[in-house]
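Down below is the structure, laid out as structure tokens.
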Amino acid sequence: MFYDFDRFAMQRALALAARGLATTQPNPRVGCVIAQRGRVVGEGWHEQPGEAHAEVLALRVAGAQAAGATAYVTLEPCSHHGRTPPCVDALIQARVARVVYAVADPNPLVNGRGDAALRATGITVESGLMEQEATDLNVGFMQRMRTGRPWVRVKLAMSLDGRTALENGLSQWITGEAAREDVHRWRARSSAVMTGVSTVLADDPRLNVRLSEEGGPSEPRPPLRVVLDGALRTPPQARLFSTAGEVLILTAVPADDPRWEPRCAALAAQGARIETLPAAADGLALPGVLERLGELEVNELQVEAGATLAGQLLRQRLTDELLLYVAPKLLGPHARPLVNLPPLQTLEEAPGFALVETQQIGTDVRLRLRAAGS
């Protein structure tokens with residue numbers, strides 16, 4: 001049974017965990033509160049990989065007051081040696097009396113072992129408090145641990161009539177400055193930002209994170225920039241290479257192809273990493289792309305691409321979430337469509353989404369939608 005103070009303490013732990021939104025990848029975002037007789041005596045959150053976990057930091061603050069206390073943690077405490085020692089050991093040594101965690105850790109190295117290790121020493125363990133909120137905070141980590149693939153978030157911007165650019169290709173800017181800054185906040189929390197080579201050639205994006213002081217940290221950790229480039233058409237002078245952060249180019253060109261050596265040498269000279277993956281009829285095999293990004297420990301993948309790549313991800317049911325910005329403008333029937341989908345014969349064939357959030361961002365509206373089953 002959970003009490004009002006339990007809910008207060010876990011809500012605080014979730015708020016602490018959110019401070020690591022843009023810094024903990026590939027680790028999960030975790031917060032911890034230590035409380036003694038209805039009073040908070042220690043707090044902590046995981047800030048960066050390789051640094052102390054939330055439980056350890058909170059226990060340091062609590063000191064001797066941790067004995068007999070309750071520890072509220074947003075994720076099941078770890079029970080294995082990674083970059084840091086197991087958190088269950090720290091909780092046991094501090095002699096806490098009770099541990100309440102929000103959601104089980106699906107990491108095969110933990111996944112119930114942390115819970116069992118605590119119970120084995122006589123510590124009272126309860127779980128499931130604010131489980132959904134904790135899951136949403138680490139939706140990419142949870143997905144990667146369970147499926148081997150990142151959480152795929154497709155960002156799109158459109159007019160009221162579902163158009164993304166004029167017939168001549170002009171699209172800057174459909175949405176306002178506030179919406180564009182909001183996109184950078186979502187980039188900052190993503191492990192990687194992915195686009196297609198056609199977008200690189202047409203728009204020459206940087207795909208980095210640029211935030212004002214009011215919007216967040218001025219120089220957050222740069223996400224991995226990923227370009228799907230089946231034929232190695234990315235120009236070495238692209239603006240992708242003008243900013244800090246790694247650029248990964250995924251191609252279908254094999255290493256023994258005559259195009260490989262000269263084109264890869266020019267891109268590598270700009271700092272790009274090039275990998276060959278299996279091809280499909282219409283480009284790279286997207287399931288293989290996502291599996292490779294999962295191997296690279298990408299938790300949340302933000303896709304910012306044109307109608308073709310976005311349409312492929314939707315058609316293949318590989319999109320978990322849509323981040324859709326709607327501008328109060330009409331572009332008309334000759335403007336470019338939001339996504340390219342094949343002709344549908346029935347409404348049942350249409351990709352379906354559930355609306356989970358609506359928010360006004362400046363003069364625009366941001367919709368968050370999740371695919372059925374995600």
For the [atom1] atom of [X] and the [atom2] atom of [Y], what is their distance to the nearest 0.5 Å?
X      : Y      : atom1 : atom2 : value
Leu156 : Leu338 : CG    : CG    : 4.5 Å
Asn168 : His334 : CG    : NE2   : 13.0 Å
Thr23  : Glu47  : OG1   : CD    : 7.0 Å
Leu228 : Ile249 : CG    : CD1   : 10.5 Å
Leu250 : Arg292 : CG    : CZ    : 8.5 Å
Gln11  : Asp6   : CD    : CG    : 13.0 Å

Using only atom types and a distance under 3.5 Å, with no angle test, would you say the side chain of [X] pairs donor to acceptor with the backbone of [Y]?
X      : Y      : answer
Gln270 : Ala266 : no
Asp161 : Leu331 : yes
Ser159 : Arg163 : yes
Glu76  : Gly114 : yes
Arg263 : Ala231 : yes
Ser127 : Val103 : no
Ser190 : Trp186 : yes
Glu246 : Ala272 : no
Thr199 : Thr195 : no
Thr276 : Val253 : yes

Scan side-chain atoms only and decide if [X] and [Y] contain a donor-acceptor pair under the 3.5 Å cut-off.
X      : Y      : value
Gln302 : Glu304 : yes
Arg29  : Asn138 : no
Thr358 : Arg368 : no
Thr308 : Asn340 : yes
Arg210 : Asn208 : yes
Asp229 : Thr251 : no
Gln360 : Arg366 : no

Does the ring of Trp151 carry Arg144 above it, NZ/CZ under 6.0 angstrom from centre and within 45° of its axis?
no
Between Gln25 and Glu297, is the side-chain contact (heavy atoms from CB on, under 4.5 Å) condition met? List the steps.
CA-CA 8 Å; Gln25 294 94 329; Glu297 299 185 304; over 6 Å; no
Heavy atoms only: give me the nearest [X]-[Y] pair and the separation to one decimal.
X      : Y      : value
Pro278 : Leu284 : O-CD2, 3.7 Å
Gly31  : Ala17  : N-CB, 3.3 Å
Cys87  : Pro77  : CB-CB, 4.3 Å
Ile123 : Leu91  : CD1-O, 4.5 Å
Ala58  : Gly44  : CB-N, 3.7 Å
Leu59  : Ala94  : CD2-CB, 3.7 Å

Honestly curious: do [X] and [Y] fall in one hydrophobic cluster under the side-chain, below-4.5 Å linking rule?
X      : Y      : value
Met10  : Phe2   : yes
Leu75  : Val56  : no
Val226 : Leu313 : yes
Val209 : Val227 : no
Leu322 : Met158 : yes

Thr363: side-chain hydrogen bond (donor to acceptor under 3.5 Å, both in side chains) partners, not counting sequence neighbours
none
State, with a plain yes or no, whether a side-chain heavy atom of [X] is found less than 4.5 Å away from one of [Y].
X      : Y      : answer
Asp257 : Leu232 : no
Arg180 : Trp173 : yes
Val88  : Cys78  : no
Thr70  : Phe5   : no
Arg233 : Leu201 : yes
Asn27  : Phe141 : no
Tyr325 : Leu367 : no
Val99  : Tyr72  : no

Not counting sequence neighbours, which residues clear salt bridge (charged side-chain N to carboxylate O under 4.0 Å, His left out) with Asp4? List them please.
Arg7
More than 12 heavy atoms of other residues, nucleotides or ligands under 6.0 Å from [atom1] of [X]: is that the case?
X      : atom1 : result
Leu344 : CG    : yes
Glu177 : CD    : no
Arg95  : CZ    : no

Run the side-chain contact (heavy atoms from CB on, under 4.5 Å) check on Met130 and Leu14 step by step: do they pass?
CA-CA 9 Å; Met130 299 186 177; Leu14 287 164; 3.7 Å; yes
Sidechain N-carboxylate O distance under 4.0 Å for Glu300, Arg189:
yes
From the list Gln143, Arg370, Arg153, side-chain contact (heavy atoms from CB on, under 4.5 Å) with Asp320 holds only for Gln143
Suppose the criterion is ring pair (Phe, Tyr, Trp, His ring centres under 6.0 Å): which pairs have a residue in residues 12-58, not counting sequence neighbours?
His46-His53
side-chain contact (heavy atoms from CB on, under 4.5 Å) evaluation trace for Leu293 with Val289:
CA-CA 6 Å; Leu293 294 179; Val289 167; 4.2 Å; yes
Evaluate Glu43 against Ile34 for side-chain contact (heavy atoms from CB on, under 4.5 Å), listing each step before the verdict.
CA-CA 6 Å; Glu43 294 183 340; Ile34 310 293; over 6 Å; no
